[in-house]
Amino acid sequence: MTFPTIRPRRLRHTPALRRIVQETTLDPADFIYPLFVQHGENQRISISSMPGQFRLSVDQLAAEAAELKSLGVPAVILFGIPAHKDPVGLENFADDGIVQRAIRALKAANPELVVITDVCLCEYTDHGHCGLLNEQGYVLNDETLEILQKVVVSHARCGADIVAPSGMIDGMVAAIRGALDGEGYSHLPVLSYAVKYASAFYGPFREAADGAPRFGDRKSHQMDPANAEEALREAALDVAEGADFLMVKPALPYLDVICRVKERFPELPLAAYNVSGEYAMIKAAAANGWLDEQRVILETLTGIRRAGADLILTYHAKEAAAWLG
Ligand code: PBG
C-alpha cells in the first residue's frame, strides 16, 4: 500500500499530534554544565571566544549552584585554572587546589548537585600537555597514570560524585578504578572520555582553561578524526577496564561515532561533549543575525540525543534548560 492511502503528513497535522509522535526528548536533566574555576575573589571573567561563559572564583559557585537547581540542570563538570603551573602539575592533586576548593563549595551549596571533575594534566602543566613528558616531548603513558591516580583520590576526598579522565592515556580507567577502590571509593563512578578526537574544535576551550600545549599537538594520544572503527576499540577497552559511562567528544562532527558506540554498548550511559568550538560557531552566527539562535541550539542538542547520547556536556545547558521550561 502506498500513496494516496499512505500519507505520513497525517501525523504532522497539529502540534498535539506532532508532540505525541515525537521520538527524541530533550530535558534539562540530560545536561551537564561545564564550569571554569579560578583563584581570586569576586571574579567573573568573560571568555571572549565563548560569549556567555565565564571563569569564576570559588565565591561565585553557590549562586551558580542555586541557578542550576532552579533550571533543573543536575550536574556540572569542573575545569580548574591553577595559580601556578609546573612540569608535573602539582596543584592538580593539592588539597587546597582550585578544583578541590570548588568541589567543597558546590557540595556545601547544593549537596544534590552532581559534581563531576575533569581529570587531566594539561591545565596544570607548564608545557600544557596531558601527561608527563620525556626529553623528546613525548607524553609518557604509565608514569602519567600515577599522577591521575593521585588526582582522582584527591577529588574523591573533597566530595566529587564522578571523575572523568580526559587525557586518552592508555589504561587510565583501570588505573583510576584501582586507586579509588584502594582508598575506599569503590562506589565512585568513572565517566571515561573514551573516544576523544584530536580536534580543532577545542580552540576556544584552550583559551578559557589556559590549557593549550606550548609546543606540538595531542595527536600521539587523542584520536585521528578519520577513524571510527578505532573508536569502538577504545570504548571496548574502557568498558573492560570498568568505566561506568562512556563519552564521545566532540559531538557534531562525530554523530556517526555516537550512534555506533551506543549501538555497540547500549548498556552503558553514553555522554557526548558539545565542545567549545561548536558553541562558538553558533554564538558567532547568531550574533551576526545569521541563524535563529534558540531554534538552532535546541535542534543541535536534539540531534546529539537522537544520535544516541543519553547525556550532553554543553555550554548551552542553562539557556536551553530555560527555554525548555
Ligand atoms: C582536557 C580537555 C579539553 C577539553 C575538555 N577537556 C581540551 C583538550 O583536550 O585539548 C575541551 C572541551 C571543549 O573544547 O569544550 N582537559
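Remember, it's 1-based here, ligands and their atoms both numbered in the order they're listed. Bear in mind that the values here come from a model prediction, so they are computed numbers and not experimental data.
When side chains are defined from C-beta on, Arg55 counts as touching Asp210, because their heavy atoms get closer than 4.5 Å.
Using a 4.0 Å heavy-atom cutoff, Phe79 is listed among the residues neighbouring ligand 1. Heavy-atom separations between Cys122 and ligand 1 include at least one value shorter than 4.0 Å.
Close contacts of ligand 1 with Lys249, meaning ligand atoms under 4.0 Å from a residue heavy atom, involve 2 (C), 3 (C), 4 (C), 5 (C), 6 (N), 11 (C), 12 (C). Of all atoms in ligand 1, listed by their number and element, those nearer than 4.0 Å to a heavy atom of Glu123 are 16 (N). Those atoms of ligand 1 with a heavy atom of Tyr315 less than 4.0 angstrom away are 12 (C), 13 (C), 15 (O). Of all atoms in ligand 1, numbered sequentially from 1 with element shown, those under 4.0 Å from a heavy atom of Ser166 are 1 (C), 6 (N), 16 (N). Within the listing of ligand 1, atoms 1 (C), 2 (C), 3 (C), 6 (N), 8 (C), 9 (O) sit less than 4.0 angstrom from a heavy atom of Lys196. The atoms of ligand 1 that sit less than 4.0 Å from any heavy atom of Tyr273 are 12 (C), 15 (O). Residue Gln222 approaches ligand 1 through these ligand atoms, each under 4.0 Å from one of its heavy atoms: 8 (C), 9 (O).
Checked against the 6.0 Å centroid threshold, Phe215 and His129 count as a close aromatic pair.
No donor-acceptor pair under 3.5 Å is formed between the side chain of Asn110 and the backbone N or O of Leu106.
In terms of protein heavy-atom proximity, atom 10 (O) of ligand 1 is nearest to Arg206 NH2, 2.6 Å. When hydrogens are left out, the protein atom nearest atom 14 (O) of ligand 1 is Ser276 OG, 2.7 Å; that is the closest non-hydrogen contact.
Using cut-offs of 30° and 60° on the angle between ring planes, the pair His316 and Tyr279 is tilted.
Leu188 and Asp161 make their closest contact through CD1-O, 3.6 Å (heavy atoms, listed as atom of the first residue, atom of the second, distance).
Under the rule for a side-chain hydrogen bond (donor to acceptor under 3.5 Å, both in side chains), the partners of Glu229 that lie at least two apart in sequence or sit in another chain are Arg260.
Val139 and Val119 fall within a single hydrophobic cluster, where Ile, Leu, Val, Met, Phe, Trp and Tyr side chains are chained together by heavy-atom contacts under 4.5 Å.
Cation-pi check for Lys249 over Tyr202 is met; the charged atom lies under 6.0 angstrom from the ring centroid and within 45 degrees of its normal.
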